[in-house]
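Just below is one structure, and these are the notes that go with it.
Please read these numbers as outputs of a predicted model, since none were measured by experiment. Letters go in sequence order (proteins before strands), and every chain restarts at 1.
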Amino acid sequence: MSTSDSEEDSYNERTALVASEIPSVPSYQQDPDQPQPADMEPRRRTVAPEPAAEPPSLDRSAVEREPVDLEEEEELPLKYGAKHVIMLFVPVTLCMVVVVATIKSVSFYTEKNGQQLIYTPFTEDTDTVGERLLNSVLNTIIMISVIVVMTIFLVVLYKYRCYKFIHGWLILSSLMMLFWFSFMYLGEVFKTYNLAMDYPTVAMIIWNFGVVGMICIHWKGPLQLQQAYLIAISALMALVFIKYLPEWSAWVILGAISVYDLVAVLCPKGPLRMLVETAQERNEPIFPALIYSSAMIWMVGMANPARHAEPTNQDTGSSDEEAHRSEGSALARDWVEPETQVSSGMNRSYSTEDDLDEEDRGVKLGLGDFIFYSVLVGKAAATGGDWNTTLACFVAILIGLCLTLLLLAIFKKALPALPISITFGLVFYFSTDNLVRPFMDNLAAHQFYI
Amino acid sequence: MTAAVFFGCAFIAFGPAFSLFIFTIAKDPLRVIILIAGAFFWLVSLLLSSLVWFIATKATNAQDLTLQKNLLIFGSIFSVILQEVFRFGYYRLLRKANEGLAAISEEDGPPLSVREMAYVAGLGFGIMSGAFSMINTLSDSLGPGTVGMFGDSQYYFITSALMTLALTMLHTFWGVVFFEGCERKRWWVIAVVLCVHLMVFSLSLLNPFYVGSILPVYAIMLLMAVWAFFSSGGSLHNITLLWTCRKSNAETSS
């Protein structure tokens, strides 16, 4: 089966761990030339003390608040850090649970019938170990090059403001995910449990699922429903990868993508970094559509939509809330950013009625991170059937995520979310599978308890 | 029948730990993070000790069964020692982190007391230890099969579940006592915890003579529970208050 291009694109777009704090990234860099970061700071602390703040007076209040800001700036992220970590642990855990449950019960996703993605053309059915290794490295090179090209293409599109194109691309890819892949998944689940089902019912189910998904993701919808859909499509995508990526290629790809992520986000000329900077200059949120956001306040879609509904120019992007904006199109790779929310401008004016303090600042994680974490854990579950390995990878990934968020709280800029977690995950997978498994099996056989 | 065994053993082994998690830890994000980090530390200690064991087995004759069994015992003892070392390491890390958090926090004092951290860390170790011992056994208990066909005991599943429960609780109590001992600079506490852990392991060597292993382990668990209770600030006074349902201002629960 050769997957279409849009799958690759959607995969590309999703591998972005986006920090939500796009425009205000360097929060405490005292940069007098850049009003924007200063803008954002007061927003962060705003909360209760600033009920009367009005959007137009951003600059003025920003300047006043700057000196006071600095010490508190440091505390707040750390104080709320634990909460944000948990806000990400839960969806990542859910995604992994869905993937592992599916892998363990539906055998379709672990059957290898020789079909591979067009991006991994070299087969791993070779005679010698050396050839196999070579083939997997070649597969990885091809896959990573495709990703790089797509990413650069998207950055170029974004730079030249081809929003409609990106928008259309995104819609196409989420259409495919929500309709086609979920149809396949449903079919396989029915086959596994031997449930008879008729086409009209399936059509009804898939139609409803898909349309509500499209609405939630690209337009407006309850936050939790939107989060649920994002988790669902990440899980579906991860399952596709687990099925169609050959064994060794999958591991090498995971490693290579973490390195790429590191480079793309941190190097000055990296595509993702350029994306962040461009978005900052334009004061827009980056690609909200394919980014999981843990923010809890949605201005539009809340109780008084009429009041909040006038988007001013600066709020256009943010007012629809991250989730709904599809212009953004998940370009990128994976980063984590603290959530500044360009919408904070709007939020400030409504801070009297909402206690926006904690809710205001969530964290965003790109869907690509969900996908790759789940691929790692899913592959650990698929090969061998040993639950210890799966559990070890799960804990390793969570700890990696925790460390990444800690670094995020310290450095306050877009960070790649894949490297640390995937490294821990890979180390723990191979060591648990080869070292711990025989040890624990022996202990369990004798019933020794350490 | 297999589903019944699966659910029964799962609830026996993980029920108390799960309820402790739901009622005392799940609401506070910082505690959840410390729990998972504790699990991670236990995992790392297990990894290192199994590396040592693996090297030892590969370096020796695989056919010699008594030698392999002795190597397993040696590996396990090394693992127990390493677990306690990592527990100490985790204590140091938590102390540092706590001091850091306290310095920048708006409130007076650190966000988590050492006792809370001790409990959570101990539970983290316990949950991970229990999970690694029991999960594979549990998943096998679902499948088709019969236990005890080659002269092995039929009570394999239930005794595994009971031992896992005991170990989980023991790790929690050891965590509390250990951290308290480190706080008060009573280094003999560390030695005692290590010895008790080794003793519990040695008792498990008596399996499948379950009377000799499970009963003493549970007795030790009760003793450790009492020690942990008194070590974390409990007293007979608190218990009487609890029984007479009177609340006092000074009552603190760990």
Side-chain angles (χ1 to χ4, degrees), chain A residues 71-90 93 104 384-403 405-406 409-410 424 427-428 430-450, chain B residues 28-33 36-37 39-40 43-44 46-51 53-55 57 68-69 72-73 75-77 79-80 83 100-101 104-107 111 128-129 131-139 152-153 156 159-160 163-164 166-167 197 200-201 203-205 207-208 210 213 217:
Chain A
E71 311 88 61
E72 300 193 9
E73 271 303 324
E74 301 228 14
E75 296 167 11
L76 287 176
L78 288 174
K79 195 158 139 184
Y80 297 122
K83 196 162 166 195
H84 296 153
V85 173
I86 300 302
M87 285 201 272
L88 283 185
F89 271 12
V90 173
T93 307
K104 288 289 187 186
D386 186 39
W387 284 93
N388 285 346
T389 316
T390 314
L391 198 56
C393 290
F394 168 71
V395 171
I397 287 179
L398 285 187
I399 292 290
L401 188 60
C402 195
L403 284 176
L405 288 169
L406 183 67
I410 296 176
F424 277 6
V427 165
F428 274 79
F430 287 110
S431 46
T432 311
D433 204 32
N434 297 314
L435 303 175
V436 177
R437 179 150 62 121
F439 186 50
M440 292 308 288
D441 283 348
N442 268 305
L443 286 179
H446 291 102
Q447 276 193 308
F448 294 164
Y449 287 88
I450 53 170
Chain B
D28 186 0
L30 202 50
R31 289 185 191 183
V32 174
I33 295 174
I36 299 195
F40 180 73
L43 197 57
V44 174
L46 180 69
L47 209 90
L48 292 174
S49 46
S50 44
L51 176 67
W53 171 80
F54 190 77
I55 295 176
T57 46
Q68 294 302 320
K69 187 163 180 212
L72 190 65
I73 296 178
S76 312
I77 294 180
S79 175
V80 166
Q83 282 177 42
L101 281 175
I104 18 180
S105 169
E106 278 178 358
E107 314 148 356
M128 204 58 181
S129 165
F132 260 64
S133 312
M134 196 63 191
I135 291 265
N136 279 331
T137 313
L138 271 182
S139 91
D152 303 318
S153 162
Y156 181 77
T159 50
S160 298
M163 282 296 292
T164 305
L167 253 296
H197 198 162
V200 167
F201 166 68
L203 284 171
S204 78
L205 289 174
N207 281 328
Y210 296 123
S213 68
V217 166

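- Taken to the nearest 0.5 Å, the CZ atom of A/Phe428 stands 4.0 Å off from the CZ atom of B/Phe40.
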- Could you walk me through whether A/Phe439 and B/Leu72 pass the side-chain contact (heavy atoms from CB on, under 4.5 Å) check? CA-CA 8 Å; A/Phe439 186 50; B/Leu72 190 65; 4.0 Å; yes
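- The contact between A/Asp441 and chain B is made entirely by side chain atoms (from C-beta outward), counting heavy-atom distances below 4.5 Å.
- Of the two parts of B/Phe54, only the side chain, counted from C-beta on, holds a non-hydrogen atom closer than 4.5 Å to a non-hydrogen atom of chain A.
- In this structure, chain A has heavy atoms under 4.5 Å from both the backbone and the side chain of B/Ser160.
- The two atoms that bring B/Ile33 and A/Cys402 nearest to each other are CG2-SG, 3.5 Å, heavy atoms only.
- Of the atoms belonging to B/Leu205, heavy atoms from both backbone and side chain fall under 4.5 Å from chain A.
- Comparing B/Leu30, B/Ile36, B/Val200 by how many heavy-atom pairs each has under 4.5 Å with chain A, the most go to B/Ile36.
- Put simply, OG1 on A/Thr432 and CG on B/Leu47 are 5.5 Å apart, with the number rounded to the nearest 0.5 Å.
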Item to complete: Check step by step if side-chain contact (heavy atoms from CB on, under 4.5 Å) holds for A/Trp387 and B/Leu138.
Response: CA-CA 10 Å; A/Trp387 284 93; B/Leu138 271 182; over 6 Å; no
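- In terms of heavy atoms, B/Pro29 sits closest to A/Ala82 at CB-O, 3.4 Å.
- Taking CZ of A/Phe448 as the start and CG of B/Asn207 as the end, the distance is 8.0 Å to the nearest 0.5 Å.
- For a residue to count as touching a neighbouring chain, one of its non-hydrogen atoms must lie under 4.5 Å from one of that chain's; by this rule B/Ile77 does not touch chain A.
- With 3.5 Å as the limit, one finds no donor-acceptor pair spanning the side chains of A/Gln447 and B/Ser204.
- Both the backbone and the side chain of A/Ile450 come within less than 4.5 Å of a heavy atom in chain B.
- Distance CG/B/Asp28 to NZ/A/Lys83: 11.0 Å, rounded to 0.5 Å.
- Partners of A/Ser431 by side-chain hydrogen bond (donor to acceptor under 3.5 Å, both in side chains), not counting sequence neighbours: none found.
- Heavy-atom pairs under 4.5 Å with chain A peak, among B/Ala166, B/Ser133, B/Ala39, B/Ala131, at B/Ser133.
- Partners of B/Leu51 under the side chain to side chain contact (heavy atoms under 4.5 Å, CB included) rule, at least two apart in sequence or in another chain, are A/Leu435, B/Ile55.
- With a 4.5 Å cut-off on side-chain heavy atoms, B/Met128 and A/Leu391 count as touching.
- Contact tally against chain B (heavy-atom pairs below 4.5 Å) for A/Asn388, A/Asn434, A/Asn442, A/Ile86: the top residue is A/Asn388.
- Looking only at heavy-atom pairs under 4.5 Å with chain A, the residue among B/Ile135, B/Val80, B/Leu203, B/Leu43 that has the most is B/Leu43.
- Rounding to the nearest 0.5 Å places OG1 of B/Thr159 at 6.0 Å from OH of A/Tyr449.
- If you measure heavy-atom distances from B/Gln83 to chain A, the contacts under 4.5 Å come from the side chain alone.
- Here the closest heavy-atom approach between residue B/Tyr156 and residue A/Ala444 is recorded as OH-O, 2.7 Å.
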